[in-house]
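Take a look at the structure set out below.
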Amino acid sequence: MNRKKATIVTYGCQMNVNETAKMKKLLEENGYDIIDDIHNSDAVFLNTCTVRGGAAGKIEGKLGNLKTIKNSRNGNLIIGVTGCVAQEEKEHLLKRAPYIDIVLGNQNISQLPEIMEKILDGEIEHAVLTNNEDELPPRIDANFGDGITASVAINYGCNNFCTYCIVPYVRGRERSVPLEDIVADVRQYIKKGYKDILLLGQNVNSYGQDFTESSEIKFSKLLDEICKIDGDYWIRYVSPHPKDLTTDVLEIMAKYPEKIASNMHLPVQSGSTEILKKMNRKYTKENYLKLVDNIKDILPNISLTTDIIVGFPGETEENFLDTLDVVRKVQYENAYMFKYSIREGTPAATMEGQIPEDVKQERLLRLMEVQNESAKNISLSYVGKTVKVLVEGPSRRNEEKMTGRISENKVVIFKGDHSLKGTFVKVKIVTAKTWTLYGELV
Ligand code: 5AD
Ligand code: SF4
């Protein structure tokens, strides 16, 4: 039988990358080859994100393209929307875009093959499945393509209700995957040769809090159990919430310096205690800085990265200066910096003191300037050092060069053979730019 073709377009966070890998595997098992070309596909899925305004806007444009393609083929194209926009809009999406065939929530991915069959058989016209958002989704296998990085979701949902954030409304309440399932998945990926294991959750360090009261399983215990698996790999995780980051996690990281990557993504969001309170983050500027000191005491070589929002409702120039102060003090290797964007239905959307666009833009540029300075200084501090690099493949710009990442999550470019892909090598850093290190194999 002729195999069909499908494209999955992924937006947003690592959780979507993970869910795309699961859909990929399911589709492959059901007669589809996965390609990257919406014009030559029999089915196209948009795995969407709604966390910020920009991402949601991109999806609108793509849906328009798909509509045109579908019309030009007399309707012969299955269009599916999955991810957070599906979860948020449910059947309303079909009203807005009736040419969509499938709307599938995050908990319902495993039902994809049966729905596609029903649509192709003409048994149903559309399918909208977005229920069970407070349950654990069934465990399904995934295909992560490159064979180097595999991700494992350890908990789903979020209970924190930061006032700007839509996630708790679309991804339901926090629920943790049983420890033995996670360890089994990680073991399986390591056995298959994956070298970079990424543990995922909206708030990884509240892992296990939803288990019974007598349960002693928590995030540090999970890390400890995973690190007992033999092999040449490293583990990363995103993201911990500063309010839940306890010393036992740092101690486990110190116990396994070869196995747990020396990087922590610790979203600060704002450096102003007043704004943090309005955001419902449950820490102050001082708490956060103290936490960073504690991290650096226990893990002196760790690289810290963060997320920052500028222009949250009510943010004054003085509040913003507190954010710049934190950025200067912490010295992040990298930061994802965003202008606040209104998410309908969240408390911040209707707060007084919404900040004009030009002020947000101006603050974003000032923030970037300060942050880029520390990124550059940290990059330069690698020059002369020899680092362990996980080789990802040939550099896109120059086939003779290979690109890879270090435990601190920085990109390294060096001259090397294509056969090094997927292995760990040692590279001596010779020069550095803000985002990238350049070196020679040793
Ligand atoms: N506006 C701007 N940025 C946001 N984020 C989440 N919600 C919003 C919003 N409404 C950012 C936060 C979060 C990251 C994933 O996206 O910084 O950590
Ligand atoms: Fe959103 Fe806050 Fe939950 Fe992160 S912790 S997903 S920012 S509500």
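Each ligand, and each atom within it, is numbered from 1 in the order the structure gives. The chain is numbered in sequence order, starting from 1.
- Pro240 and Asn203 get closest at one heavy-atom pair: C-OD1, 4.3 Å.
- Put simply, Cys158 gets within reach of atom 3 (Fe) of ligand 2, with an N, O or S atom under 2.8 Å from it.
- Among all non-hydrogen protein atoms, the one lying nearest atom 5 (S) of ligand 2 is Asn160 ND2, 3.4 Å.
- Residue contacts with ligand 2 leave out Arg171, since none of its heavy atoms falls under 4.0 Å from the ligand.
- Under a 4.0 Å criterion applied to the non-hydrogen atoms of Gln269, ligand 1 contributes the atoms 12 (C), 13 (C), 17 (O), 18 (O).
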Ring pair (Phe, Tyr, Trp, His ring centres under 6.0 Å) between Tyr233 and Tyr189: does it pass, once the steps are laid out?
CA-CA 10 Å; Tyr233 62 90; Tyr189 289 128; over 10 Å; no
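- Close contacts between ligand 1 and Arg343 involve ligand atoms 10 (N) [criterion: under 4.0 Å to a heavy atom].
- For atom 9 (C) of ligand 1, the nearest protein heavy atom (residue, atom name, distance) is Ser341 O, 3.5 Å.
- Given atom 2 (Fe) of ligand 2, the protein heavy atom at minimum distance is Cys162 SG, 2.3 Å.
- Residue, atom and distance of the protein heavy atom nearest to atom 7 (N) of ligand 1 are Tyr164 CD1, 3.3 Å.
- Short contacts between ligand 1 and Phe338, defined as distances under 4.0 Å to a heavy atom of the residue, involve ligand atoms 3 (N), 11 (C), 14 (C), 16 (O), 17 (O).
- Checked by atom type, the side-chain pair Thr149/Asp196 shows a donor-acceptor distance below 3.5 Å.
- Neither the backbone nor the side chain of Pro267 comes within contact range of ligand 2; no heavy atom lies under 4.0 Å.
- Looking at atom 2 (C) of ligand 1, its nearest protein heavy atom turns out to be Lys339 O, 3.4 Å.
- Asp307 OD2, 2.6 Å is the protein heavy atom nearest to atom 18 (O) of ligand 1.
- Atoms of ligand 2 lying under 4.0 Å from any heavy atom of Pro168, numbered from 1 in the order shown and given with element: 8 (S).
- No hydrogens or angles considered: nothing links the side chains of Thr82 and Glu19 as a donor-acceptor pair under 3.5 Å.
- Among all protein heavy atoms, the one lying closest to atom 4 (Fe) of ligand 2 is Gln202 O, 4.2 Å.
- Distance check for Cys165 against atom 1 (Fe) of ligand 2: an N/O/S atom falls below 2.8 Å.
- Between atom CZ of residue Arg236 and atom CG of residue Leu200 there is a gap of 9.5 Å, rounded to the nearest 0.5 Å.
- Numbered from 1 in the order shown, with element, the atoms of ligand 1 that lie under 4.0 Å from a heavy atom of Ile309 read 3 (N), 4 (C), 5 (N), 12 (C), 17 (O).
- At the top of the distance list for atom 7 (S) of ligand 2, counting protein heavy atoms only, stands Tyr164 OH, 3.3 Å.
- Applying the 4.0 Å criterion to heavy atoms of Phe161 picks out, from ligand 2, the atoms 8 (S).
- Regarding atom 16 (O) of ligand 1, its nearest protein heavy-atom neighbour is Arg52 NH1, 2.7 Å.
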Checking Asn409 against Glu333 for the side-chain contact (heavy atoms from CB on, under 4.5 Å) test, could you report, in this order, the C-alpha distance in whole Å, the side-chain angles of both residues, the deciding distance, and whether it holds?
CA-CA 9 Å; Asn409 213 16; Glu333 286 221 9; over 6 Å; no
